[in-house]
Amino acid sequence: MMMIDQIEDWIDATNRAFLPKRQSCVRFAQAFSGYFPQAFLEEAGFVMVDRIPKPDFPQLRQLGIDDLLELAAAGMTYKTTYYLLSAQSRNLRLHFHELVHVAQWRLLGGPGFIARYLAEIRCNGYADAPLERMAYALETRYADNAPAFDVPTEVRRQLSSVGHRGRPR
């Protein structure tokens with residue numbers, strides 16, 4: 001089994017295991033009005049946890065992405081579900097950031113997102129990975145009270161103008 005498939009299987013099993021604790025993002029419809037369509041928020045969900053679940057396969061460490069595996073992350077997104085540390089439950093900025101990742105997952109698909117994210121982390125490190133930089137930049141626009149913009153559309157636009165490792169096409 002290829003590593004991408006192994007990671008995706010782990011993600012699917014993790015999301016199934018946490019399904020009883022998953023909450024709908026539709027609760028953010030008012031806070032994120034104009035940023036995310038209602039249907040998008042209905043499909044997305046989050047789980048509050050004491051520890052962020054992360055895959056820890058030996059092959060991942062061999063890729064040299066230890067900074068991601070060791071990162072004390074407050075949140076992590078797997079497909080349409082993201083996980084937040086319980087202390088972050090009211091952090092709208094973090095919810096917004098993770099919802100940007102949900103949009104990225106939806107556009108790139110499971111294997112596409114996993115492959116791209118791992119390649120970006122390996123080549124650029126976590127802080128400079130283009131998918132992370134995009135999420136932080138859009139989160140900052142939201143936090144700065146910029147005029148509302150459709151996040152999934154903006155993610156699509158940015159993904160289509162950036163090559164595999166974050167270089168313009």
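No experiment lies behind these values; they were computed from the predicted model shown. What you see below is based on every heavy atom in this structure, not just the backbone, and it leaves out hydrogens, waters and symmetry mates. The chain is numbered in sequence order, starting from 1.
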Please step through side-chain contact (heavy atoms from CB on, under 4.5 Å) for the pair Asn15 and Arg22, ending with a clear verdict. CA-CA 9 Å; Asn15 284 344; Arg22 187 178 192 264; over 6 Å; no
Before giving the answer on side-chain contact (heavy atoms from CB on, under 4.5 Å), spell out for Leu84 and Asn91 the whole-Å C-alpha distance, their side-chain angles and the decisive distance to 0.1 Å. CA-CA 10 Å; Leu84 294 183; Asn91 184 340; over 6 Å; no
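Across every non-hydrogen atom of Pro152 and Leu107, the tightest pair is O-CD1, 3.9 Å. Closest heavy-atom contact between Pro130 and Asn124: CD-ND2, 3.5 Å. Nearest heavy atoms, Gln104 versus Leu131: NE2-O, 3.0 Å. Residue Thr80 comes nearest to Val102 through the heavy atom pair CA-CG1, 4.0 Å, listed as atom of the first residue, atom of the second, then distance. For Ile4 against Pro111, the heavy-atom pair with the smallest separation is CG2-CA, 3.7 Å.
Under the ring-ring contact (aromatic ring centres under 6.0 Å, His included) criterion, Phe113 pairs with Trp105, Tyr117, not counting sequence neighbours. The salt bridge (charged side-chain N to carboxylate O under 4.0 Å, His left out) test applied to Asp12 returns Lys79, not counting sequence neighbours. Thr153 pairs by the side-chain hydrogen bond (donor to acceptor under 3.5 Å, both in side chains) definition with Asp150, not counting sequence neighbours.
Here the side chain of His97 pairs no donor or acceptor atom with the backbone of Leu138 at under 3.5 angstrom. No side-chain donor-acceptor contact under 3.5 Å links Gln88 to the backbone of Leu94.
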Give every donor-acceptor pair under 3.5 Å between a side-chain atom in residues 71-78 and any protein atom, sequence neighbours left out.
from: Thr77; atom 1: OG1; to: Glu98; atom 2: O; distance (Å): 3.3
from: Thr77; atom 1: OG1; to: Glu98; atom 2: OE1; distance (Å): 2.5
from: Tyr78; atom 1: OH; to: Pro53; atom 2: O; distance (Å): 2.5

Under 3.5 Å, which donor-acceptor pairs link side chains of residues 31-51 to any protein atom two or more places apart or in another chain?
from: Tyr35; atom 1: OH; to: Ala146; atom 2: O; distance (Å): 3.0
from: Gln38; atom 1: NE2; to: Glu42; atom 2: OE2; distance (Å): 3.3

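In the hydrophobic clustering of this structure, Val100 does not group with Val26; members are Ile, Leu, Val, Met, Phe, Trp, Tyr whose side-chain heavy atoms approach within less than 4.5 Å, directly or through other members. Hydrophobic clustering (side-chain heavy atoms under 4.5 Å, transitive across Ile, Leu, Val, Met, Phe, Trp, Tyr) groups Leu99 together with Phe149.
A distance of 8.0 Å separates CD in Gln23 from CZ in Phe28, rounded to the nearest 0.5 Å. Rounding to the nearest 0.5 Å places CD of Glu154 at 10.0 Å from CG of Leu159.
Under the 6.0 Å cut-off for aromatic ring centres, Tyr82 and His101 do not qualify, their centroids lying 6.0 Å or more apart.
For the salt bridge (charged side-chain N to carboxylate O under 4.0 Å, His left out) condition, the pairs that include at least one residue of residues 129-140, sequence neighbours left out, are Arg93-Glu139, Asp128-Arg133.
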